[in-house]
Amino acid sequence: NVSIFNETEFNTAEGEVHSNWLDMGFHNLFGSSLFNLRVGKQSMMYWHAVSGRLRSIPNIKYRIASDVKSSNGKGEDSVSMGGGVPAISLYGYKDIFWYQAGISNGAKLVDPNDGKNFFGTLKLEAKEGQFEGSSISVWGMRGIDTTDSKEAQIENEFWRVSPAANIRYGKWDIMGGYWYGNDDNFSLEPIALEEIIFHGVLFQINYMIN
């Protein structure tokens, strides 16, 4: 099975139109739900229990996933955790088990460095019963960000990890996650490396009135 997903964004303030999310999917490869391929601009946290995509309350922006960027956003290849990046990912599911493994050039399709970004997710999801749709997951990524100086290319190796849970029961939808991150050269300094460690927590309770 083949699918195409495209989410077009209209920026009326600046008069711009662009495809914010665009990918092609190849599903049930070898006749199995364990092998599915997605190619295009996608979120590395797509299968995370708290993904930031298609939120139950659209006006809430998960800033920990979208605004925290490698090298404070000042590198040539700075990426956020949940933003759209050009990537190839393999995912699959069987019964309550999900997995995803992917590789990306980084923020742009044209890679400014030789390093790649790798990401993956393991998830358990309830398929039936009173807690149908509930899930727990562990997600992680490792990447390279760079900038050019007169002498050489300066590199920042970074990684992120996040356990999370989403509990659905009746009209209740409760989700929470913890994020841990490390940049070994956050300021992209050529000599004195500045290691940065950050922690993030998200917790949300939703109740569907009708």
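Since the model is a prediction, treat every value here as computed from it, not as a measurement. The residues of the chain are indexed from 1 along the displayed sequence.
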Less than 6.0 angstrom separating the ring centers of W21 and F5, yes or no? no
In the structure I gave you, are the side-chain heavy atoms of F119 and Q100 within less than 4.5 Å of one another anywhere? yes
Do W139 and K123 come within less than 4.5 Å of each other through their side chains, counting heavy atoms only? no
Just so I know, are the side chains of L188 and E155 near enough to count as touching, which here means a heavy-atom distance under 4.5 Å? no
Just say parallel, tilted or perpendicular for the rings of H48 and W179, cut-offs at 30° and 60°. perpendicular
Does this structure show an ion pair linking D111 with K116, if we count only N-O contacts that are shorter than 4.0 Å? yes
Not counting sequence neighbours, which residues clear ring pair (Phe, Tyr, Trp, His ring centres under 6.0 Å) with F131? List them please. Y169
Are L22 and I103 connected, step by step, through hydrophobic side chains (Ile, Leu, Val, Met, Phe, Trp, Tyr) whose heavy atoms are closer than 4.5 Å? no
In terms of side-chain geometry, is the basic nitrogen of E157 or R142 positioned less than 4.0 Å from the acidic oxygen of its partner? yes
Can any side-chain N or O of D145 pair as donor or acceptor with the backbone N or O of D77 at less than 3.5 Å? yes
Decide side chain to side chain donor-acceptor pair (under 3.5 Å) for Q42 and S89; before the verdict, give the C-alpha distance in whole Å, the side-chain angles of both, and the deciding distance to 0.1 Å. CA-CA 9 Å; Q42 54 187 278; S89 63; 2.7 Å; yes
Once salt bridge (charged side-chain N to carboxylate O under 4.0 Å, His left out) is applied, what residue pairs with a partner in residues 33-51 remain, sequence neighbours excluded? D23-R38
Please test N117 against S104 for side chain to side chain donor-acceptor pair (under 3.5 Å), starting from the C-alpha separation and ending with a verdict. CA-CA 5 Å; N117 295 351; S104 170; 5.0 Å; no
Residues at least two apart in sequence or cross-chain that pass side-chain contact (heavy atoms from CB on, under 4.5 Å) with V110, listed by chain then number, are none
Cluster question for you: counting only ILVMFWY and a side-chain heavy-atom cut-off of under 4.5 Å, with indirect links fine, are M44 and V68 together? yes
Ring-plane angle category for W159 and Y180, please: parallel below 30°, perpendicular beyond 60°, tilted otherwise. tilted
Heavy-atom pair of closest approach, residues K108 and E76: NZ-O, 2.8 Å
Listed pairs under 3.5 Å, donor-acceptor, residues 193-200 side chains, sequence neighbours left out:
unit_1 : atom_1 : unit_2 : atom_2 : d
E194   : OE1    : S187   : OG     : 2.2
E195   : OE2    : N182   : ND2    : 2.8
H199   : ND1    : Y178   : OH     : 2.7

Shortest non-hydrogen contact between A65 and M45, atoms and distance: CB-SD, 4.1 Å
Mark yes or no for whether N166, through its side chain, and S135, through its backbone, hold a donor-acceptor pair below 3.5 Å. no
Donor-acceptor pair, side chain of N72 and main chain of K69, under 3.5 angstrom: no
Identify the two heavy atoms, one from V50 and one from A164, that lie closest to each other, and give their separation to 0.1 Å. CG2-CB, 3.9 Å
Within the structure provided, determine whether Y99 and T121 are in side-chain contact (heavy-atom separation under 4.5 Å). no
By side-chain contact (heavy atoms from CB on, under 4.5 Å), which residues pair with F30, not counting sequence neighbours? F35
Co-membership, hydrophobic cluster, residues I64 and F186, 4.5 Å side-chain: no
Does anything in residues 174-189 form a salt bridge (charged side-chain N to carboxylate O under 4.0 Å, His left out)? List the pairs, not counting sequence neighbours. R160-D183
Joint cluster assignment, V161 & W47, ILVMFWY side-chain distance < 4.5 Å: no
Spell out, as yes or no, whether a donor-acceptor pair under 3.5 Å connects the side chain of S137 to the backbone of L122. no
Just do the side chain to side chain contact (heavy atoms under 4.5 Å, CB included) check on F97 and L124 with the steps written out, would you? CA-CA 5 Å; F97 172 75; L124 298 177; 4.3 Å; yes
Mind checking whether W172 and M208 sit in one hydrophobic cluster, side chains of I, L, V, M, F, W, Y counted as touching below 4.5 Å? no
Closest heavy-atom pair and its distance - S71, S78: CB-OG, 4.1 Å
Measure the shortest side-chain to side-chain distance between N36 and L90 over non-hydrogen atoms and say whether it is less than 4.5 angstrom. no
Can you tell me if NZ on K74 sees more than 12 non-hydrogen neighbours from other groups inside 6.0 Å? no
Give a yes or no answer on whether the side chain of S70 reaches the backbone of V79 with a donor-acceptor pair at less than 3.5 Å. yes
Within a strict 4.5 Å, meaning less than it, do heavy atoms of the M24 and V2 side chains meet? yes
Would you say the side chain of I154 lies within less than 4.5 Å of the side chain of T146, judging by non-hydrogen atoms? no
Is the shortest side-chain heavy-atom distance between W98 and E125 below 4.5 Å? yes
